[in-house]
Amino acid sequence: MSITLSITRSASKEQQAFETTTTGLDLFGADRSIVAMRVNGAVADLATELADGDEVEPVEMSSPEGLAIIRHSAAHVAAQAVQNLVPEAKLGIGPPITDGFYYDFEVPAPFTPEDLRSLERGMSQIVRERQKFVRRVVTDDQARAELAGEPFKLELIGLKGNATDTDGASVEVGAGELTIYDNVRRDGTTAWKDLCRGPHVPHTGYLNAFALTRSSAAYWRGDQKNQQLQRLYGTAWPSRDDLKAYQNRLVEAAKRDHRKLGVELDLFSFPDEIGSGLAVFHPKGGILRMEMEEYSRRKHVEAGYSFVNSPHITKGQLFETSGHLDWYADGMFPPMHIDAELNADGSVRKPGQDYYLKPMNCPFHCLIFRSRGRSYRELPLRLFEFGTVYRYEKSGVIHGLTRVRGLTQDDAHIFATKEQLADELTSLLTFVLDLLKDYGLDDFYLELSTKNPEKFIGDEQTWEIATETLRQVGEASGLELVPDPGGAAFYGPKISVQARDAIGRTWQMSTIQLDFFEPERFELEYTAPDGSRQRPVMIHRALFGSVERFIGVLTEHYGGAFPAWLAPVQVICIPVADEFVGYLNGVADKLRAAGVRVEVDSSDDRFGKKIRNAQTAKVPFMLIAGGEDAAKGAVSFRYRDGTQNNGVGIDEAVAEVVRAIQTRARA
RNA sequence: GCCGCCUUAGCUCAGUCGGCAGAGCGGCGCACUCGUAAUGCGCAGGUCUGGGGUUCGACUCCCCAAGGCGGCUCCA
């Protein structure tokens, strides 16, 4: 028999003829960097038999599919190690994820750090055994019989064809036939098996570099109503060096953690006495915040926004009208019941009122709109406010400045006619992206969150038009537009801007959200040119999301080394010796007169220590003066990166600093 | 909210297998200091997160609470 294969490798295609049954191992088995292959477009195990005319392409370990395969295979090895250590452990699911994998188990006791170490040793043993991954197609009944002791797997078999990617179940059971992967030792005995869609590496010896990273609890199939399983997280890489590099990336990311930098740079804190998720900003964080807000205000003035203010608390009636008490009462702080008066017998003489801390600003802005008759001539009406809101976030989700219970939104609500919607959204998106760029974020993509069929109000047609408008605006931006089906709030679709930071992590920043609900609830109207009463469309939008969160994101983006315009201290003047403090005070006065935040380090630290202090405080400019500088009426620049520019005239130095601040230059 | 882990000086962390607690940095004081990332000496600072229990004795063991960390779920 003769099989003709068309082998595609890199860009070149070659024709090869084989005399016997051929598998991917025959073609690529000698190259350990190839973990699987693509047969006629579909990824398959190397052990798969090839047929005449198949288009075959190798899958490199370092490719996205290749990484997923080694991680998924590592998950199997981890699970085998777990069942070796804890024989009664029941298997959940174990998919690859970004940078690694996890596997869920029902175990009698949660994993301890010592367990993780012994499991890693167990995994190494399995890798040394070079157990083959052998794919086997089974019927549903066969699978049920073989996995009778694995209740979660049995449940998955029942889901076959209905599994979704969102809960990870599809990794185990694809839409097609059921398969089991056996881990076969070199003596032919089966060490372990798992219901799995595959593909996998040919044998465990392909796993060069892995580590177990942590354990935690996770709900079975991602549903809070289900049992909690223990989840084991791990990571796997093509080489030890890749693993090392990954671990170094984690260390570098930890150094940028805004919670850590917040303490080190004295920006903010979360005193226990105030409560979880409630931040105070220290003087340096306060300046950062002021600069951020000031610039934003200026841009909003230029863009035609009106500035409004609303109180932090309100009677519950307002949130009944807005619908928040129906939909989001769980996320609100409970009411303050005031002014009630009781009779001596405990019966109510005067009922009193419930007041709530506001979780949103929009109802207030709706009332401002409604405060008098509105003409179409006023639209679009853009109401902006730095509005501080309070949300009762569940205790387990609070995280630094990025998830808090008290936050200040840079919130605006735009009331527009339907006809204005497309233009308004287009200019709004440009405004949003330009402003984010001014703060130093410049790598974006968009996400379009569309209707959740289970949770929405309003009519299909309005949704359709609004979603289509958002889509067109998003596409016209030229940015990547990622669909988020079902991600919309009940009252309207939204588009959100995702920004990648300096080390490639993505953060959801701005959201632009359409709302058909509240204008209706508040019966908002304007008078159209023909004298008829029309209902405006409302756009919610926040650029920073919240000021607190944005400070957190920028702190991590810049690693605490803020550009000069945002830096709490912009210049620090360092005398070479005490004698030059007076000279530098003169320089500082000039800088201060030019609006620069400057300090003179007149402490009794020695020179080297002062440099170090300024460096660790990440101050953008150090202006140094000693005898040489003073004689010339000059100063010496030391920049944050350690470079130096000596003998700069004082006026020139002031001009350079001012220029850097005004241009919002990245330093 | 759920699971696990953690909480010792302002910060980072030692420590006592149950017998009245330590370092470095920071702070304060004194001296020193003319050229690019830590000068020296001294001093102050902790009811060992809070409450309850076990014990002759608890920072240490147990329970509860608060706060934090890592996940899960959630995020108008």
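We name chains A, B, ... by the order of the sequence lines, and we start the count at 1 in each one. All values below were derived from every heavy atom in this structure, side-chain atoms included, with hydrogens, water molecules and symmetry-related copies excluded.
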[Y] ring centre to [X] NZ or CZ under 6.0 Å, with the angle to the axis within 45°?
{"X": "Lys315(A)", "Y": "Tyr356(A)", "value": "no"}
{"X": "Arg71(A)", "Y": "Trp237(A)", "value": "yes"}
{"X": "Lys451(A)", "Y": "Phe456(A)", "value": "yes"}
{"X": "Arg370(A)", "Y": "Phe522(A)", "value": "no"}

Starting at [atom1] of [X] and ending at [atom2] of [N], how long is that distance when rounded to a whole Å?
{"X": "Lys260(A)", "N": "rC13(B)", "atom1": "NZ", "atom2": "C1'", "result": "13 Å"}
{"X": "Asp641(A)", "N": "rU36(B)", "atom1": "CG", "atom2": "C1'", "result": "13 Å"}
{"X": "Asn226(A)", "N": "rC2(B)", "atom1": "CG", "atom2": "P", "result": "17 Å"}
{"X": "Asp578(A)", "N": "rG35(B)", "atom1": "CG", "atom2": "P", "result": "13 Å"}
{"X": "Glu106(A)", "N": "rC3(B)", "atom1": "CD", "atom2": "C1'", "result": "14 Å"}

Glu628(A) and Lys632(A) ion-paired at < 4.0 Å
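Salt bridge between Glu628(A) and Lys632(A), a charged N being under 4.0 Å from a carboxylate O: no.
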Among all residues two or more places apart in sequence or in another chain, which pass the side-chain hydrogen bond (donor to acceptor under 3.5 Å, both in side chains) test with Ser496(A)?
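Ser496(A) satisfies side-chain hydrogen bond (donor to acceptor under 3.5 Å, both in side chains) with Gln498(A) once adjacent residues are dropped.
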With sequence neighbours excluded, tell me which residues meet side-chain hydrogen bond (donor to acceptor under 3.5 Å, both in side chains) with Arg541(A).
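Result, side-chain hydrogen bond (donor to acceptor under 3.5 Å, both in side chains) vs Arg541(A): His300(A), Tyr305(A).
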Separation of the [atom1] atoms in [N] and [M], to the nearest angstrom:
{"N": "rC6(B)", "M": "rC61(B)", "atom1": "P", "value": "10 Å"}
{"N": "rG22(B)", "M": "rC59(B)", "atom1": "P", "value": "15 Å"}
{"N": "rC75(B)", "M": "rU54(B)", "atom1": "P", "value": "46 Å"}
{"N": "rU12(B)", "M": "rU8(B)", "atom1": "P", "value": "8 Å"}
{"N": "rA21(B)", "M": "rC2(B)", "atom1": "P", "value": "37 Å"}
{"N": "rG10(B)", "M": "rU16(B)", "atom1": "C1'", "value": "25 Å"}
{"N": "rA14(B)", "M": "rC48(B)", "atom1": "C1'", "value": "13 Å"}
{"N": "rG71(B)", "M": "rG53(B)", "atom1": "C1'", "value": "32 Å"}

Residues that Tyr445(A) engages under ring-ring contact (aromatic ring centres under 6.0 Å, His included), provided they are two or more places apart
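Partners of Tyr445(A) by the ring-ring contact (aromatic ring centres under 6.0 Å, His included) criterion come out as none, since no residue qualifies.
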Listed by chain and number, what are the ring-ring contact (aromatic ring centres under 6.0 Å, His included) partners of His324(A), not counting sequence neighbours?
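With neighbours one apart ignored, the set is Phe319(A).
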Reported OG-to-CG distance for the pair Ser215(A) and Asp104(A), which is rounded to 0.5 angstrom
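If I round to the nearest 0.5 Å, the distance is 11.5 Å.
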Give one of base, sugar-phosphate or nothing for Glu264(A), where a contact means two heavy atoms less than 4.0 Å apart.
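The residue Glu264(A) makes no contact with any strand.
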Determine the contact category for Ser636(A): base if any of its heavy atoms lies under 4.0 Å from a base atom, sugar-phosphate if only primed atoms, P, OP1 or OP2 are that close, otherwise nothing.
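Answer is base: heavy atoms of Ser636(A) come under 4.0 Å of a base.
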5' to 3', nucleotides 69-76 of chain B under a 4.0 Å protein heavy-atom cut-off (B base, S sugar-phosphate only, - none) gives SBBBBBBB
Do nucleotides 37-44 of chain B as a string where each nucleotide becomes B, S or -: B if the base has a protein heavy atom under 4.0 Å, S if just the sugar-phosphate does, - if no protein is that close.
BBB-----
Not counting sequence neighbours, which residues clear salt bridge (charged side-chain N to carboxylate O under 4.0 Å, His left out) with Arg549(A)? List them please.
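Not a single residue meets the salt bridge (charged side-chain N to carboxylate O under 4.0 Å, His left out) criterion with Arg549(A).
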Not counting sequence neighbours, which residues clear salt bridge (charged side-chain N to carboxylate O under 4.0 Å, His left out) with Lys494(A)? List them please.
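Residues passing salt bridge (charged side-chain N to carboxylate O under 4.0 Å, His left out) with Lys494(A): none at all.
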Polar pair under 3.5 Å, donor/acceptor by atom type, side chain Asp629(A), base rG35(B):
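Checked by distance alone, the answer is yes.
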Once side-chain contact (heavy atoms from CB on, under 4.5 Å) is applied, do any residues pair with Asp411(A), and if so which ones, sequence neighbours excluded?
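Listed in chain order: Asn361(A), Gln409(A), His413(A).
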Suppose we screen for side-chain contact (heavy atoms from CB on, under 4.5 Å). Which residues come up paired with Ala279(A), at least two apart in sequence or across chains?
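Expected list: Phe270(A), Phe281(A), Leu401(A).
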Writing each nucleotide of RNA chain B 5' to 3' as (, ), [, ], | or . by Watson-Crick or G-U pairing under 3.5 Å yields (((((((..((((.....[..)))).(((((.......))))).....(((((..]....))))))))))))....
Sort me out a list of protein N/O and nucleotides 62-67 of chain B N/O pairs below 3.5 Å, or just none if empty.
residue, atom, partner, partner atom, Å
rG67(B), O2', Asp272(A), OD1, 2.9

Please check if the distance between the ring centroids of Tyr491(A) and Phe517(A) is under 6.0 Å.
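Between Tyr491(A) and Phe517(A), the centre distance exceeds or equals 6.0 Å.
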